[in-house]
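Computed over heavy atoms, backbone and side chain alike; hydrogens, waters and symmetry mates excluded. For the single chain, residues carry numbers from 1 onward in sequence order.
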Amino acid sequence: MSNIRVQLPDGSYRELPEGSTGYDLAQAIGPRLAKDSVAIVLNDEVRDLTTPLSDNDRIRILTAKDPEALEVLRHSSAHILAQAVQRVFPGAKIANGPAIETGFYYDFDIPNHKLTPDDLEKIEAEMSRIVNEGQVFVRRNVEDVDRKLEEFMAEGEKYKAENLNQYRDDNPTLYYCVDKNGQDVWSDFCRGPHLPNTGFIKAFKLLSLAGAYWKGDEKREMLQRVYATSFFDKKDLEAFLHQRAEAEKRDHRRIAKQLDLYSIEDEVGPGLILWHPNMSIVREELENYWRKEHHKRGYHLVYCPHIAKKDLWDISGHTGFYMENMFTLKVEEQDYILKPMNCPFHVLIYRSQLRSYRDLPLRIGELGTVYRYEKSGVMHGLTRVRGFTQDDAHLFCRPDQLTEEIKGIIQFIDDTLKLFGMTFTVELSTRPEEYVGELENWERAENGLRDAMESYGLEYEINEGDGAFYGPKIDFKLKDAIGRTWQCATVQLDFNFPIRFGLKYQDADGSHKTPVMLHRVIFGSMERFVGTLIEHYAGAFPTWLSPVQVAILPIADRHTEQAHAYAKALINLGVRAEVDERNEGIGHKIRDAQLAKHPYMLILGDKETESGSVAVRSRSRGDLGALPFDTFQDKLLKEIHSHGQHEVEVPQKVEA
């Protein structure tokens with residue numbers, strides 16, 4: 001038998017007998033590695049440990065410590081979940097069960113039974129039994145697709161049959177769970193990869209139930225979805241569950257009801273937000289900051305219509321690549337579209353007059369509301385909606401200005417996110433499968449973004465194929481107070497729109513040249529960003545954003561007049577203050593102000609009204625002591641104007 005040579009991550013080679021697998025390689029390296037191995041990366045693709053190797057393959061062996069191994073674990077755990085459900089409910093039919101960022105899920109059709117939380121306990125117990133059985137995952141090719149389809153249909157597994165038929169020409173495979181006696185006990189149509197055996201599944205938890213349409217199609221069968229997660233280590237599971245519990249407490253939909261922030265009404269429609277006064281104040285402050293910073297950084301702010309003729313979207317390419325996400329209407333026999341994006345309007349503003357090289361860069365910004373069709377099942381509070389306002393901007397520049405303009409945007413994003421105490425990671429999203437424009441321009445665009453990030457000193461990862469149809473982009477993933485990531489800011493480089501719309505500028509030599517275009521958002525959308533902030537702050541907005549900044553709490557009726565005088569003084573200075581003159585005890589008023597998450601409470605009694613002072617209480621720091629009202633006022637204004645960099649402090653009395 002001849003040998004093969006495979007390359008290891010350090011560049012060295014290892015010789016193995018022909019027909020060797022990833023597991024054989026692990027054994028050749030050492031028994032400890034063989035014991036810990038869960039899968040391999042074969043020529044950049046994660047595969048089963050039992051995959052045969054070929055000459056000159058590049059191999060990396062995965063253990064539980066490798067990030068890629070977690071998806072393998074969860075993919076395998078999904079099969080254990082499905083097997084357990086079919087054991088507990090023999091009539092259940094299985095659909096899809098992928099790994100997702102937070103774990104995995106599986107969809108089931110269970111006739112005449114709706115799953116309950118009590119059922120989850122039974123299913124978990126059955127999963128534990130399956131794990132302890134030490135079942136082995138075995139991959140087998142489907143040699144006769146038609147025969148296997150007949151078997152699935154005879155078993156009533158119509159969803160497995162539909163999946164198999166859809167991928168019948170893609171070398172379909174089945175994964176079997178095999179017991180210690182070598183008997184096949186369960187199988188599913190799947191491409192893998194999977195763990196060697198169920199013994200690697202050390203910690204799992206079923207999390208919740210939901211409904212889901214088959215293939216995401218509202219006209220298809222409604223299935224029952226079980227969400228779950230799994231980890232290699234119980235400590236990791238405990239940390240995840242702790243963060244999940246914290247996230248549930250911070251859920252912006254729950255906090256919105258508590259603080260009266262927004263609503264979604266049936267008469268208006270799903271995914272269309274009614275901003276209540278409290279949340280509108282937060283938005284107003286964000287917009288004020290946004291406008292001020294844009295003027296300071298040389299942007300021109302504009303306003304554009306909410307609809308445009310279909311012709312505009314034909315030119316931009318949206319009708320060819322985005323039509324299923326757009327709302328259409330007909331006016332005087334002419335097709336119009338509710339704008340899903342602001343960019344074509346800004347392009348036309350650029351094109352409205354001849355531009356000189358001296359006019360560039362031209363930076364156009366707009367808080368523009370757009371509309372996109374999202375299926376009902378995917379909408380989620382403020383973070384996934386049908387109508388939202390983008391803090392949009394488009395920059396038109398010469399090629400020699402490109403790097404500095406991108407660096408300027410990165411600096412703008414960096415400055416803004418620091419304001420909210422957020423860190424971020426960065427991804428470069430490259431050309432998708434469906435795109436417009438020439439490959440040469442795409443390469444120029446991707447290289448331009450790389451050059452700018454590297455020049456700025458920004459570390460980034462590559463997100464292959466996730467760019468917009470008209471250009472690659474830089475995505476900023478925000479990290480909130482409990483470590484979750486959110487997609488908000490983005491920068492997209494576009495050589496295509498200027499060509500499609502015939503944009504030109506007159507260069508120094510009198511020739512006409514095509515500008516480069518940048519698409520950019522800082523917040524992303526006002527809806528998603530405010531939803532993110534609600535969860536980041538758990539509803540306790542910093543003073544400059546808080547709907548009510550100061551609650552003035554008179555102890556008795558005789559203190560109410562002075563309380564209103566203080567409130568008027570604060571309001572005249574632009575502070576949002578209100579007086580609680582209810583006939584309630586001061587403890588009750590303090591508790592309610594705390595629940596409403598007001599940053600400061602001023603308590604007025606006889607002592608305070610006589611001395612012209614206020615007893616200051618902070619939402620986060622409790623009782624701060626007494627201050628002259630004028631002194632409190634000055635310190636409060638300093639905190640608001642500095643966006644929270646200088647909190648109100650009360651000098652502590654020093655006893656003699």
Side-chain angles (χ1 to χ4, degrees), residues 280-304 342-343 345-347 349-350 355-369 389-398 400-424 426 449 452-453 455-458 473-474 476 478 488-493 505 515-526 528-530 532-533 541-546 549 573-576 636-646:
S280 295
I281 288 171
V282 177
R283 175 169 175 163
E284 181 183 358
E285 291 293 344
L286 291 173
E287 289 185 356
N288 289 342
Y289 164 82
W290 187 90
R291 290 188 177 93
K292 179 181 177 182
E293 287 297 316
H294 278 73
H295 287 308
K296 197 165 75 176
R297 297 170 194 260
Y299 285 77
H300 303 276
L301 304 188
V302 302
Y303 298 90
C304 296
N342 300 299
C343 30
F345 297 94
H346 296 182
V347 168
I349 290 174
Y350 176 96
R355 308 287 176 176
S356 162
Y357 71 97
R358 293 190 181 91
D359 299 326
L360 305 183
L362 177 64
R363 308 180 187 104
I364 296 174
E366 178 185 10
L367 287 164
T369 301
T389 301
Q390 289 184 306
D391 65 315
D392 223 348
H394 296 91
L395 293 78
F396 304 87
C397 62
R398 306 189 308 263
D400 63 288
Q401 298 170 321
L402 181 60
T403 298
E404 288 306 309
E405 287 304 299
I406 298 173
K407 286 168 64 178
I409 295 170
I410 294 171
Q411 184 69 64
F412 195 171
I413 294 169
D414 198 2
D415 292 344
T416 299
L417 298 184
K418 282 177 181 174
L419 187 65
F420 304 100
M422 290 179 169
T423 58
F424 59 85
V426 180
L449 292 176
M453 286 190 290
S455 177
Y456 188 86
L458 202 63
K473 60 180 179 173
I474 305 171
F476 292 77
L478 315 188
C488 288
T490 187
V491 184
Q492 300 172 355
L493 201 163
Y505 67 91
V516 181
M517 180 178 177
L518 291 165
H519 307 246
R520 181 241 71 185
V521 290
I522 304 293
F523 296 140
S525 81
M526 300 307 295
R528 176 176 289 181
F529 193 73
V530 171
T532 302
L533 288 183
F541 294 106
T543 305
W544 71 281
L545 284 177
S546 187
Q549 295 166 320
L573 292 170
V575 176
R576 295 183 289 276
L636 177 68
L637 290 174
K638 184 177 182 181
E639 178 180 343
I640 292 171
H641 295 154
S642 68
H643 293 137
Q645 301 305 306
H646 305 280

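Atom CG of Asn342 sits about 11.5 Å away from atom CD1 of Ile364, to the nearest 0.5 Å. Put simply, NE2 on His294 and NZ on Lys292 are 14.5 Å apart, with the number rounded to the nearest 0.5 Å. Taking CD1 of Ile640 as the reference point, atom CG of Leu573 lies at 9.5 Å (rounded to 0.5 Å). One finds the CD atom of Gln549 at 7.0 Å from the OG1 atom of Thr543 (value rounded to the nearest 0.5 Å). Rounding to the nearest 0.5 Å places CD of Gln411 at 10.5 Å from CG of Leu458. Taken to the nearest 0.5 Å, the CG atom of Leu301 stands 5.0 Å off from the CH2 atom of Trp290.
The aromatic rings of Tyr289 and Phe523 lie tilted to each other, with the angle between the two planes from 30° to 60°. Between Trp544 and His643, the ring planes are tilted. Angles from 30° to 60° get that label.
Residues Asp391 and Gly524 come closest through the heavy atom pair OD1-N, 3.0 Å. Closest approach of Pro515 and Leu360 over heavy atoms only: CB-CD1, 4.5 Å. Minimum interatomic distance between Gln401 and Pro361 (heavy atoms only, all atoms of both residues): NE2-CD, 3.3 Å. Nearest heavy atoms, Thr532 versus Cys488: OG1-SG, 4.3 Å.
Remark: side-chain polar atoms of Asp392 are not paired, donor with acceptor, to backbone N or O of Gly365 under 3.5 angstrom. With hydrogens and angles ignored, the 3.5 Å screen pairs a side-chain donor or acceptor of Asp359 with a backbone N or O of Ser356. Within the 3.5 Å criterion, the main-chain N or O of Gln390 finds no donor-acceptor partner in the side chain of Ser525. Of the possible polar contacts, one joining the Arg398 side chain to the Tyr357 backbone as a donor-acceptor pair under 3.5 Å is found.
Applying side chain to side chain contact (heavy atoms under 4.5 Å, CB included) to Ile409 and the options Val521, Asp414, Val491 leaves one that passes, Val491.
With sequence neighbours excluded, the residues satisfying side-chain contact (heavy atoms from CB on, under 4.5 Å) with Ser280 are Trp275. Take Tyr505 and apply the ring pair (Phe, Tyr, Trp, His ring centres under 6.0 Å) test, not counting sequence neighbours, and it matches no residue.
A salt bridge is absent between Arg520 and Glu405; no separation between the charged side-chain nitrogens and carboxylate oxygens falls under 4.0 Å.
Taking 4.5 Å as the limit, some side-chain heavy atom of Met526 sits within range of a side-chain heavy atom of Leu286. A 4.5 Å side-chain heavy-atom check between Met517 and Cys343 finds at least one atom pair inside the cut-off. Leu402 is listed as a side-chain neighbour of Leu518, based on a closest heavy-atom distance under 4.5 Å.
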**OP:** Given side-chain hydrogen bond (donor to acceptor under 3.5 Å, both in side chains), test Tyr299 with Glu293 step by step and report yes or no.
**Re:** CA-CA 9 Å; Tyr299 285 77; Glu293 287 297 316; over 6 Å; no

Subject >> Ile349 vs Cys304, side chain to side chain contact (heavy atoms under 4.5 Å, CB included): CA-CA, chis, key distance, verdict >> reply: CA-CA 10 Å; Ile349 290 174; Cys304 296; 4.0 Å; yes

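Tyr350 carries Arg355 over the face of its six-membered ring, with the cationic atom under 6.0 Å from the centre and within 45° of the normal.
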